[in-house]
Amino acid sequence: MLDLKFVVENPAAVKANCVARNVSADITAEIDAVVALDRERKTLQFEVENVRRRQNEVAQATGKEKDVEKRNELVAEGKRLKGDVGINEERLKTLEVELKSRVGRIPNMTHPDAPVGATEDLSVELRKVGTPRVFDFKPRDHVDLGRSLDLIDFEAGGKVSGNGFYFLKHDAVLLEMALQHFAIRTLVSRGFTPVITPDLARVSILEGIGFNPRGAETQVYSVENTDLCLIGTAEITLGGLHADEILESAQLPIKYVGLSHCFRTEAGAAGRASKGLYRVHQFTKIEMFAFTEGTLEASGALHLELLKIEEEIFTALGIPYRVLDICSGDLGGPAYRKFDLEAWMPGRGEAGEYGEVTSTSNCTDYQARRLNVRYKPTGQKGTKFVHTLNGTAIALSRAMIAVLENYQRADGLVDVPEVLKPYLGKDLIGRR
RNA sequence: GGAGAGGUGGCUGAGUGGUCGAAAGCGACGGUUUGCUAAACCGUUGAACGGAGAAAUCCGUUCCGGGGGUUCGAAUCCCCCCCUCUCCGCCA
């Protein structure tokens, strides 16, 4: 969430940002309410604090007073004060809760260079890298390849777990593990700490990251009779890793590469491009997550580093991709700026299409404030909120689509990308 | 799952109703000493919010796992929840 003080001091800028981000009008309208509520809160806080000061004085004096009569007078005053402060305290507490919930709905501010636009088609393509391969046969999609080579079993997935689930078999298993290993090794060599995270997390952590597990539109599975949810991404657990901590400047930046399973209900996604592995309820993902000092210089630089790593991974895999600078309307709540990589998928659409494979966001202090992750800046008093960033290293299901479709051969088998051969242990997918 | 013990500042840890935001140690920071490093010695050292001030800083409120309660007064007593440890059970 945003800093309440910032909202109160810059209501016009915050409103303009909400408009650019295409959030629902009632959120924009709430900004005035926030300003008014905050004013009321301050007045009330002043009153409550005054009464409490007197209460404290009386309580201390009572302890020291030896004379029984005077002591009884003090106790009487204490009782009176206790009654006085009650109503205001209740109101203050209510106000604070309400303010927090209202401010929490306001999206993060936006990077000045991010394209302004309400809908996703207004995101800007920064560059295309690699040339889509020209096939001398009609390329098949990964569903077809997966079935014919007995790599992916959607029917069995449907039977056991429902639509949107699948079994990986044979070389698909080796391919997935090779991609995992390749990605993690790449990140470790760049100074990231490898982590395997829990696949479930508390509601409070989900909320801190900016998910809303209880809404009607939620993308998140909840576990009945607990406060746990299945995570939609390791961003949730990695972000929560340092919740309520005060880090030392010298520790920063902290860079993690996390492995987790990801679970998504994909509510409301029916009808969207969702064939095969592209949109599924469960997949494995290698996720980068970083905590930096709370300056735009620090997080901005690391954001570019995360993007560069994502590009290096897909370049190494030999898969053509394009980079999108995501427009204001499609940033989601927490992101200050976001870049997506879309990989070329020859089997998608009529003659191949780019499909999203990674996404990296700079969330500045938006998540850190709610998760309460701070650091002590060297040479300064007090603490500051860190900045958090996340980025996909490899989402296995979608990377698998790209590999299978780009590396397929006329004979129906699939070549193994050069960098994966040592990890996969063979040169050809599908031959047994 | 059963029984017990705990959760206190950046860390370790004392504190069982008032003088406690909290001893002591460690760490960190500043200084003295020193050819450098180390050691020793002296000093400083929690956070959030609000108010005053040009600022250094000062004042107030809140915070001892979280939430409620008792009391004039709670780190300390009571209730609920979360977490950690030990033992037992079960198990990959």
Side-chain angles (χ1 to χ4, degrees), chain A residues 1-9 34-101 103-104 196-208 213 222-229 237 240-252 254 261 291 293-294 365 368-386:
Chain A
M1 67 181 177
L2 289 179
D3 183 10
L4 173 61
K5 210 185 267 178
F6 177 83
V7 176
V8 168
E9 286 169 7
V34 166
V35 174
L37 284 174
D38 186 56
R39 199 172 298 131
E40 188 185 346
R41 195 202 96 229
K42 275 188 188 168
T43 319
L44 206 53
Q45 182 178 346
F46 189 74
E47 284 174 29
V48 168
E49 283 184 1
N50 272 337
V51 179
R52 277 209 279 239
R53 172 157 44 88
R54 182 62 195 149
Q55 270 186 304
N56 289 341
E57 282 168 10
V58 169
Q60 287 211 351
T62 311
K64 287 180 188 141
E65 186 56 65
K66 298 288 176 259
D67 183 281
V68 175
E69 201 167 309
K70 284 182 182 167
R71 193 184 164 98
N72 284 341
E73 279 172 29
L74 285 168
V75 170
E77 182 178 1
K79 282 189 182 178
R80 210 163 50 241
L81 288 168
K82 197 174 168 185
D84 287 351
V85 80
I87 297 162
N88 280 343
E89 268 182 339
E90 291 277 306
R91 174 68 186 146
L92 185 60
K93 222 177 260 181
T94 313
L95 267 179
E96 278 166 356
V97 169
E98 197 172 328
L99 266 171
K100 205 167 186 184
S101 104
V103 173
I196 295 178
T197 90
D199 287 338
L200 286 83
R202 292 176 197 287
V203 168
S204 61
I205 299 289
L206 279 274
E207 287 171 346
S222 292
V223 180
E224 207 174 351
N225 299 326
T226 71
D227 69 338
L228 291 172
C229 303
T237 42
L241 187 49
H242 292 295
D244 294 318
E245 289 185 21
I246 299 175
L247 305 165
E248 296 294 332
S249 263
Q251 290 177 262
L252 299 172
I254 297 174
H261 295 110
F291 301 84
E293 296 204 19
D365 59 3
R369 182 166 291 108
R370 213 170 343 195
L371 289 170
N372 194 26
V373 187
R374 292 172 290 167
Y375 73 106
K376 288 179 194 285
T378 34
Q380 283 180 45
K381 267 200 141 178
T383 60
K384 275 192 79 171
F385 289 108
V386 299

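Here is the naming used below: chain letters follow the sequence lines, and residue numbers restart at 1 for every chain.
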*Counting side-chain heavy atoms from CB outward, which of B:rG73, B:rC82, B:rU61 is closest to A:R202?*
B:rC82

*State whether A:N56 places a side-chain N or O below 4.0 Å from either non-bridging phosphate oxygen (OP1 or OP2) of B:rU62.*
yes

_So A:K64, base contact, sugar-phosphate only, or nothing? Heavy-atom distance under 4.0 Å._
nothing

*Mind calculating the distance between CG (A:N50) and P (B:rC49) to the nearest angstrom?*
20 Å

*Of the candidate nucleotides B:rG73, B:rA48, B:rC49, which contains the atom at the shortest distance from the side chain of A:Q45?*
B:rC49

*Report the nucleotide, chosen from B:rG73, B:rG10, B:rG18, that has the shortest atom-to-atom distance to any side-chain atom of A:K82.*
B:rG73

*Out of B:rG50, B:rU61, B:rG10, which nucleotide sits closest to the side chain of A:R41?*
B:rG50

*Which nucleotide in B:rU61, B:rG50, B:rG10 has an atom nearest any side-chain atom of A:R53*: B:rU61

*Nearest-Å distance for atom pair CD/P, residues A:Q55 and B:rG18*: 18 Å

*Any donor-acceptor pair under 3.5 Å joining the side chain of A:R374 to the base of B:rG46?*
no

*G-U wobble or Watson-Crick pairing nucleotide for B:rA40 (cut-off 3.5 Å, both distances)*: B:rU32

*Considering Watson-Crick and G-U wobble pairs with both distances under 3.5 Å, what does B:rC58 pair with?*
B:rG51

*Proximal nucleotide (of B:rC82, B:rG18, B:rG10) relative to the A:R71 side chain*: B:rG18

*Return the nearest nucleotide to the side chain of A:K376; candidates are B:rC72, B:rU61, B:rA47.*
B:rA47

*No-H, no-angle donor-acceptor pair, A:E49 side chain to B:rG60 base, under 3.5 Å*: yes

*Go through B:rC49, B:rA47, B:rC72 for me and flag the one nearest to the A:K79 side chain.*
B:rC72

